[in-house]
Amino acid sequence: MVRTRLAPSPTGEDLHIGNLYTALINWVFAKQNNGKFIVRIEDTDRKRLIEGAEERILKTLKEFGLEYDEGPDVGGPYGPYRQSERLEIYKKHALELVEKGYAYFCFCSPERLQKIRKEQQKKGIIPPKYDRYCLKRYSKQEALEKFEKGEKAVIRLKIPEKSEISFVDEIRGKITFKSDLIDDQVLLKSDGFPTYHLAVVVDDYLMKITHVIRAEEWISSTPKHVLLYTAFGWELPKFIHLPILRNPDKSKLSKRKNPVWASWYLKEGFLPEAILNYLALMGWSHPEGKEKFSIEELVKIFDIKRIKTVGPVFDVQKLEWLNGEYLREAKSEKLKAKILEYYKKYHDLDLPEELVEKTIPLIRERVKKLSDYMFYCKFFFERPKKYQMDLSPFKDLIEKMKSALEKIPEHEWKAEKIGEVMVKLYESLPEEVKNNVSRSKFFMVLRVAITGQKITPPLNESMEILGREECIERLENVKFQMTNDKSMTKSK
RNA sequence: GCCCCGUUGGUCUAGCGGCCUAGGACGCCACCCUUUCAAGGUGGAGAUCACGGGUUCGAAUCCCGUACGGGGCACCA
């Protein structure tokens, strides 16, 4: 049975978007093979541990619908799924390796390691490697005794000399490394915690992971893992290294240059399904060239061998386009629910359901992200405090608009009627006024007077929704002293 | 520096020896629609397929170099 896994470290604020990408591929691959997707928390670095990160990572994963079959909070037959709770397992395995002669104790201080590294660099020995001082100095027995007496020690992997280590990457083919270039990797740290390398191999084996699907940055350390598998006498899993998502400058996607936390995209008003869809397009393409497809379809059609090996640039603009596609195609009821939920969850706003419902047809073609909703619609919920245009030259005009609107009886207050009346008003204006105020300018004045904004949903429909009394009152209460508000008048 | 992985328009990509005078999408520009902004429609600019050698009747596609980009070289993952 296929078993894949995501192994995040709780060392950031939240799930990294690159991890979300890896999670997606792992999830989809497991699903399409009727396998299991497992989450394992790699919290072996106590120094970088961030409070609450694990919870946030798991929560985000769920928000994206990437449910896992086994994990720290849901359990499973191969737990615990938190590495900090598996310390004895790693120790036992590390000791086993020492016993078999594949690893050895090292008692060197960090200072000494630092020193020899510097010396080697000076001599041009690159990359620097541990000099095996402790391996030469202590016999296996002596070392073990020292260790058992409680002396601070690490266990290092003894990399075989002058040999080649190769493995097959399912999308790149065979990759070979020379063993002489690899340092005697620390497997067990002096604090009793394993390093990543020991922990992944032991856990992937014990948890019966069949396909190790992870980011490309792990290629260089895979030979160490291969060595471990063979030292233990374990069968290798399949390795698949995914391309790394990049910043626009092509460097590895980083928080300095891009928003990287998956939850940030949610807060921005992107839909989980759109984000996942976009991510699927990174390094992979639909055989028919489709750009928009559901995750169910992805599961059906995904082919891991079609993944490219070049690191794609994460383009937020294209994500916005895709997100807009999802928003436009959503059923009104659904769109409304999403908007309501979004503003409640991320802005602690309880928008009136009925009003939101009425505005949906006006904004569905306009919003790219859920957060665009209020950009267009805030005037529905509150009277304009600022006006994006100096209305003082149009005092008389606004007065005329108001009286024209007042002539519309309540029961005829419909978008069509409003439009008709306003067009008539414009037509009836004296020529010299019309020469100064174009028809579109005329409506812009009305627009800003009613909404305060220059960019709005269709005006007549908006006015219909606002209601007769409200519109008339707004025209009455227009504030004309806006010219000094540079930030508003300069907008555009 | 060393090792590994890559290299098709600004970006995501199709392409797996002849269908390519390189196709699609995002973005950009123009026009149409239009009461703002979008959406939609039409059209357009933009790639000597990184470069140089081979192999072949024929190469974006295969091979070798070079350049460039990325990743890795921790008691971090």
Side-chain angles (χ1 to χ4, degrees), chain A residues 7-12 42-45 47-48 83 106 108-110 113-114 117 121 124-129 152-156 169 172 175-178 180-183 185-197 199-200 214-223 241 243-244 246 248-252 278 281-292 308-322 324 328 362-368 372 375-376 388 419 422-423 426 438-444 446-448 451 453-460:
Chain A
S9 295
T11 52
E42 312 231 318
D43 56 350
T44 55
D45 184 349
K47 293 188 206 89
R48 294 200 307 154
Q83 294 187 325
C106 171
C108 294
S109 65
L113 296 175
Q114 184 81 332
R117 192 165 293 144
Q121 272 166 346
I125 301 174
I126 286 163
K129 279 167 65 182
K152 264 207 178 286
V154 302
I155 292 178
R156 312 185 87 111
D169 178 285
R172 280 163 230 264
I175 299 173
T176 304
F177 287 83
K178 289 185 187 63
D180 290 338
L181 271 358
I182 305 171
D183 194 10
Q185 182 59 234
V186 169
L187 300 176
L188 201 69
K189 301 186 254 186
S190 58
D191 62 2
F193 279 71
T195 57
Y196 171 82
H197 306 93
V200 249
R214 74 226 305 188
E216 189 186 351
E217 56 203 355
W218 293 109
I219 290 181
S220 308
S221 36
T222 306
H241 291 101
I244 293 176
R246 317 244 195 126
D249 68 2
K250 306 272 189 183
S251 58
K252 178 162 127 179
Y278 178 70
L281 257 13
M282 300 270 87
W284 183 83
S285 58
H286 188 112
E288 289 160 32
K290 280 170 78 174
E291 304 253 306
K292 180 172 180 284
K308 301 224 307 180
T309 46
V310 252
V313 171
F314 189 89
D315 179 9
V316 182
Q317 223 174 9
K318 186 155 181 176
L319 207 209
E320 285 193 4
W321 162 76
L322 228 203
R328 256 170 266 134
L362 310 194
I363 51 86
R364 73 169 332 127
E365 313 275 74
R366 281 161 244 268
V367 292
K368 287 189 164 158
D372 290 340
F375 168 79
Y376 285 110
Q388 291 186 328
M422 293 323 281
V423 168
Y426 181 74
S438 68
R439 188 165 151 145
S440 73
K441 182 79 177 265
F442 172 86
F443 279 101
M444 185 52 86
L446 213 212
R447 185 183 308 280
V448 175
T451 69
Q453 305 167 201
K454 280 181 163 177
I455 297 174
T456 72
L459 224 209
N460 300 153

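Just so it is clear, the values below take in all heavy atoms, side chains as well, and ignore hydrogens, waters and symmetry mates. Below, read A as the first sequence line, B as the second, and so on, with proteins coming before strands; counting in each chain starts at 1. Keep in mind the model is a prediction, meaning the values are calculated, not measured.
Looking only at distances, a side-chain donor or acceptor of Gln453(A) sits under 3.5 Å from a matching main-chain atom of Ile455(A). At distances below 3.5 Å, at least one donor-acceptor pair connects side-chain atoms of Tyr278(A) with backbone N or O atoms of Asp315(A). Within the 3.5 Å criterion, the main-chain N or O of Lys368(A) finds no donor-acceptor partner in the side chain of Glu320(A). Here the side chain of Ser9(A) pairs a donor or acceptor atom with the backbone of Glu42(A) at under 3.5 angstrom. A donor-acceptor pair is defined here as one N or O able to donate and one able to accept, closer than 3.5 Å; such a pair exists between the side chain of Lys129(A) and the backbone of Asp180(A). Tyr426(A) places a side-chain N or O within 3.5 Å of a backbone atom of Arg439(A) that can act as its donor or acceptor partner. Thr195(A) contributes a side-chain N or O that, together with a main-chain N or O of Val186(A), makes up a donor-acceptor pair within less than 3.5 Å.
One atom, CE of Met444(A), and another, C1' of U34(B), lie 12 Å apart when rounded to the nearest Å. In this structure, the NZ atom of Lys152(A) is 14 Å from the P atom of C75(B), given to the nearest Å. What separates CG of Asp372(A) from C1' of C37(B) is a distance of 11 Å, to the nearest Å. Whole-Å rounding puts the Glu217(A) CD to G72(B) C1' distance at 9 Å. As rounded to whole Å, 14 Å separates atom C1' of U36(B) from atom CZ of Phe442(A). Counting to the nearest Å, the P atom of A74(B) and the CG atom of Leu188(A) are 19 Å from each other. Separating the CG atom of Leu322(A) from the C1' atom of G27(B) is a distance of 14 Å, rounded to the nearest angstrom. As rounded to whole Å, 12 Å separates atom C1' of G71(B) from atom CH2 of Trp218(A).
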Please list, pair by pair, any protein nitrogen or oxygen found under 3.5 Å from a nitrogen or oxygen in nucleotides 38-43 of chain B.
unit_1: A38(B); atom_1: O2'; unit_2: Glu365(A); atom_2: O; d: 2.4
unit_1: A39(B); atom_1: O4'; unit_2: Glu365(A); atom_2: O; d: 3.2
unit_1: A39(B); atom_1: O2'; unit_2: Glu365(A); atom_2: OE2; d: 3.2

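A14(B) and G54(B) have their P atoms separated by 30 Å, with the value rounded to a whole Å. Distance check on atom C1': C37(B) versus C20(B) gives 40 Å, rounded to whole Å. Rounded to a whole angstrom, the distance from the C1' atom of C12(B) to that of G18(B) is 28 Å. Here, U56(B) and C3(B) have their C1' atoms 34 Å apart, quoted to the whole Å. Across C68(B) and A50(B), the matching P atoms stand 16 Å from one another, rounded to whole Å. Nucleotides G27(B) and U42(B), compared at atom P, are 16 Å apart to the nearest Å. As rounded to the nearest Å, U34(B) and A45(B) have C1' atoms that lie 26 Å from one another. Annotation: C51(B) and G9(B) have their P atoms spaced 10 Å apart (nearest Å).
As judged by a 4.0 angstrom heavy-atom cut-off over every strand, Pro10(A) is placed among residues making no nucleic acid contact. Within 4.0 Å of Ser190(A), counting heavy atoms only, lies at least one base atom of the nucleic acid. Looking at heavy-atom distances under 4.0 Å, Val186(A) makes contact with sugar-phosphate atoms alone, never a base.
Considering every non-hydrogen atom in both Leu362(A) and Arg366(A), the closest pair reads O-NE, 2.7 Å.
Contact annotation: side chain of Arg447(A) to base of U35(B), donor-acceptor pair present below 3.5 Å.
You'll find the side chain of Arg328(A) reaches within 4.5 Å of the side chain of Glu365(A), heavy atoms only. A 4.5 Å side-chain heavy-atom check between His241(A) and Ile175(A) finds every atom pair outside the cut-off.
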Review point. Reading nucleotides 3-12 of chain B from the 5' end, what letters show protein touch, with B for base, S for backbone sugar-phosphate only, - for no heavy atom under 4.0 Å?
Key: SSSSSB--SB

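Projected onto RNA chain B by closest heavy-atom contact, Asp183(A) and Met422(A) fall at different nucleotides, the more 5' of which corresponds to Met422(A). Where Ser109(A) and Leu459(A) meet RNA chain B, the nucleotide closest to each residue was compared, and Leu459(A) sits on the side nearer the 5' end.
Residue Lys189(A) places no side-chain N or O under 4.0 Å from the OP1 or OP2 atom of A74(B). Using a 4.0 Å cut-off, some side-chain N or O of Thr44(A) falls inside it from OP1 or OP2 of A77(B).
Closest to the side chain of Glu42(A), from the set G71(B), A77(B), U36(B), is A77(B). Looking at the side chain of Phe443(A), the nearest of the listed nucleotides G72(B), U35(B), C76(B) is U35(B). Of the candidates C76(B), U36(B), G70(B), C76(B) carries the atom nearest the Thr195(A) side chain, counting heavy atoms from C-beta on. Between C75(B), G71(B), A77(B), one nucleotide has an atom nearer to the side chain of Ile244(A) than all others, and that is G71(B).
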**Study point:** Verdict with supporting geometry, Lys252(A) and Glu216(A), salt bridge (charged side-chain N to carboxylate O under 4.0 Å, His left out)
**Key:** CA-CA 11 Å; Lys252(A) 178 162 127 179; Glu216(A) 189 186 351; over 6 Å; no

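Within a 6.0 Å radius of NZ in Lys292(A), more than 12 heavy atoms belonging to other residues, nucleotides or ligands are found.
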